[in-house]
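Chain letters run A, B, ... following the sequence lines, proteins first and then strands; every chain starts at 1.
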Protein chains: 2
Amino acid sequence: MLSKKTKYGLKALTFIARTGSDLPVQVGEIAKGENIPQKFLESILLTLRKAGILGSKKGKHGGYYLRKDPSEILMTEVMRVLEGPIAMVPCVSLNFYEKCDDCPDEHACSVNKLMIQVRDSTLEVFRNTSLKDLSVRENEK
Amino acid sequence: MLSKKTKYGLKALTFIARTGSDLPVQVGEIAKGENIPQKFLESILLTLRKAGILGSKKGKHGGYYLRKDPSEILMTEVMRVLEGPIAMVPCVSLNFYEKCDDCPDEHACSVNKLMIQVRDSTLEVFRNTSLKDLSVRENEK
DNA sequence: TATTAATCCTATCAATTTAGTAGGGTTTGC
DNA sequence: GCAAACCCTACTAAATTGATAGGATTAATA
């Protein structure tokens, strides 16, 4: 299951991208527009800023803005920051690898084999989808 | 993350399939062979039996056996029984659909759009993978 | 028919994760 | 200087996970 954190984070990024401007967008505005609890959203945007995806401006007329063009913000990056590993088991994770304590031999493990396939197909979707793709509205296609 | 329940369930099914026989396999044997807590595994196999994937024989010399040929047991079925919805959000689930309480319009939702793609690519892997595929050992390819 | 070995079933539980909330501190524009 | 924004830490209730406990039921066999 996708966490609310990730879901809200994606919606917020889309919201910012859809403004189409470089001016900072305020948390309150996003929270209102996307029905997200403001305090929770604050912590999510902070995570995205610390990961280098968002920039922020403090004080009056402050807010968050994208550090790169939406077309250069790939879902692989966003998902790893918000949701963590893309793989469903650590033993097939590219960025967060960990050995299973039960499995004596990974290459003989049927779960390993299956989850590599799932990882690769999911990865292909994320690699080929940018924030720009997310932010295009249906009626603009 | 894949739950231990699903992981253990897949390993157990693979174990049974690899015996290549129709004779019931005992829980204790599987638990020992795959390093799975026996009591936990019991409850998992029970789930798989109630879902019609496994059959069981009670009493002495009892155990669990596959109800179908491994080539006919698809990962779509197994994963739905053990892990639940394949989709990462209920609003794109084919078998467990639910509307989001926040989203006013699903078709305008960027998360929805992305998660449909993930669902479809994952689904394709599961549809094209049977228990037979899982149970083939590397050196037998 | 008694014993044993297996599945079946319900209940409980500790640890972890999730989805927030609370309460300020800090910075900036006007 | 003050209001409006981000920044940061700590806490918490509810749900889920990964088991464990304890026995009820069933079937083979000696």
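Note that CD1 of B/Ile73 and CG of B/Asp133 are 12.0 Å apart. Values are rounded to the nearest 0.5 Å. Atom NZ of residue B/Lys57 and atom CD of residue B/Gln26 lie 10.0 Å apart, to the nearest 0.5 angstrom. Once rounded to the nearest 0.5 Å, the distance linking OG of B/Ser93 with CE of B/Met115 reads 13.5 Å.
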Under-3.5 Å N/O pairs linking protein and nucleotides 26-30 of chain C:
residue	atom	partner	partner atom	Å
C/dG29	OP1	A/Lys57	NZ	3.3

Write down the protein N/O and nucleotide N/O pairs, taken from nucleotides 16-18 of chain D, whose separation is under 3.5 Å; answer none if there are no such pairs.
residue	atom	partner	partner atom	Å
D/dG18	OP1	B/Lys4	N	3.4
D/dG18	OP2	B/Lys4	N	3.1

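Atom CZ of A/Arg67 has 12 or fewer neighbouring heavy atoms from other residues, nucleotides or ligands inside a 6.0 Å radius. The neighbour count for B/Glu124 CD, taken as heavy atoms of other residues, nucleotides or ligands under 6.0 Å away, does not exceed 12.
Note: NZ (A/Lys7) to P (C/dT18) measures 15 Å, nearest angstrom. Rounded to an integer number of Å, the gap from B/Leu46 CG to D/dA24 C1' is 13 Å. Between the NZ atom of A/Lys39 and the P atom of C/dA19 there is a distance of 19 Å, rounded to whole Å. Atom C1' of nucleotide D/dC6 and atom CD of A/Gln38 are separated by 11 Å, given to the nearest angstrom. For the pair B/Leu41 CG and C/dC8 C1', the computed distance is 14 Å after rounding to whole Å. Rounded to an integer number of Å, the gap from A/Glu42 CD to D/dT9 P is 14 Å. Rounded to whole angstrom, the span from the CG atom of A/Asn35 across to the C1' atom of C/dA19 amounts to 16 Å. Protein atom CG of A/Leu23 is 14 Å distant from nucleotide atom P of D/dC6, rounded to whole Å.
Across residues 24-33 of chain B, not one residue has a non-hydrogen atom less than 4.0 Å from an atom of DNA chain D. Within residues 87-104 of chain B, no residue has any heavy atom under 4.0 Å from DNA chain D.
Contact between the side-chain N/O atoms of A/Tyr65 and the OP1/OP2 oxygens of D/dC6 is not found at any separation under 4.0 Å. When the side-chain nitrogen and oxygen atoms of A/Ser56 are compared with OP1 and OP2 of D/dC7, one or more of them lie within a distance under 4.0 Å. For B/Arg49, no side-chain nitrogen or oxygen approaches OP1 or OP2 of C/dT7 to under 4.0 Å.
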Could you give me the CA-CA distance, side-chain angles and deciding distance for B/Leu45 and B/Leu48, then say whether side-chain contact (heavy atoms from CB on, under 4.5 Å) is met? CA-CA 5 Å; B/Leu45 298 187; B/Leu48 288 167; 4.1 Å; yes
Stepwise, does the side-chain contact (heavy atoms from CB on, under 4.5 Å) test hold for B/Asn35 with B/Lys11? CA-CA 10 Å; B/Asn35 296 308; B/Lys11 283 189 165 196; over 6 Å; no
Where do A/Glu83 and A/Ser3 land on the side-chain hydrogen bond (donor to acceptor under 3.5 Å, both in side chains) test, with the steps shown first? CA-CA 7 Å; A/Glu83 192 75 5; A/Ser3 67; 3.0 Å; yes
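The side chain to side chain contact (heavy atoms under 4.5 Å, CB included) test with B/Met88 is passed by exactly one of B/Val111, B/Leu114, B/Thr122, B/Val118: B/Val118.
In this structure, the side chain of B/Thr19 does not engage the main chain of B/Phe15 through any donor-acceptor pair within 3.5 Å.
Clustering ILVMFWY residues whenever any of their side-chain heavy atoms sit less than 4.5 angstrom apart, transitively, puts B/Val89 in a cluster other than the one holding B/Leu123. In this structure, B/Phe40 is a member of the same hydrophobic cluster as B/Leu2, with clusters built from ILVMFWY side-chain heavy atoms closer than 4.5 Å.
For B/Ser121, there are no side chain to side chain donor-acceptor pair (under 3.5 Å) partners two or more places apart in sequence or in a different chain. Looking at residues two or more places apart in sequence or on another chain, you find a salt bridge (charged side-chain N to carboxylate O under 4.0 Å, His left out) between B/Lys68 and B/Glu77.
Along DNA chain C, the nucleotide nearest to A/Ser43 and the one nearest to B/Tyr64 differ in position, and the one closer to the 5' end is contacted by B/Tyr64.
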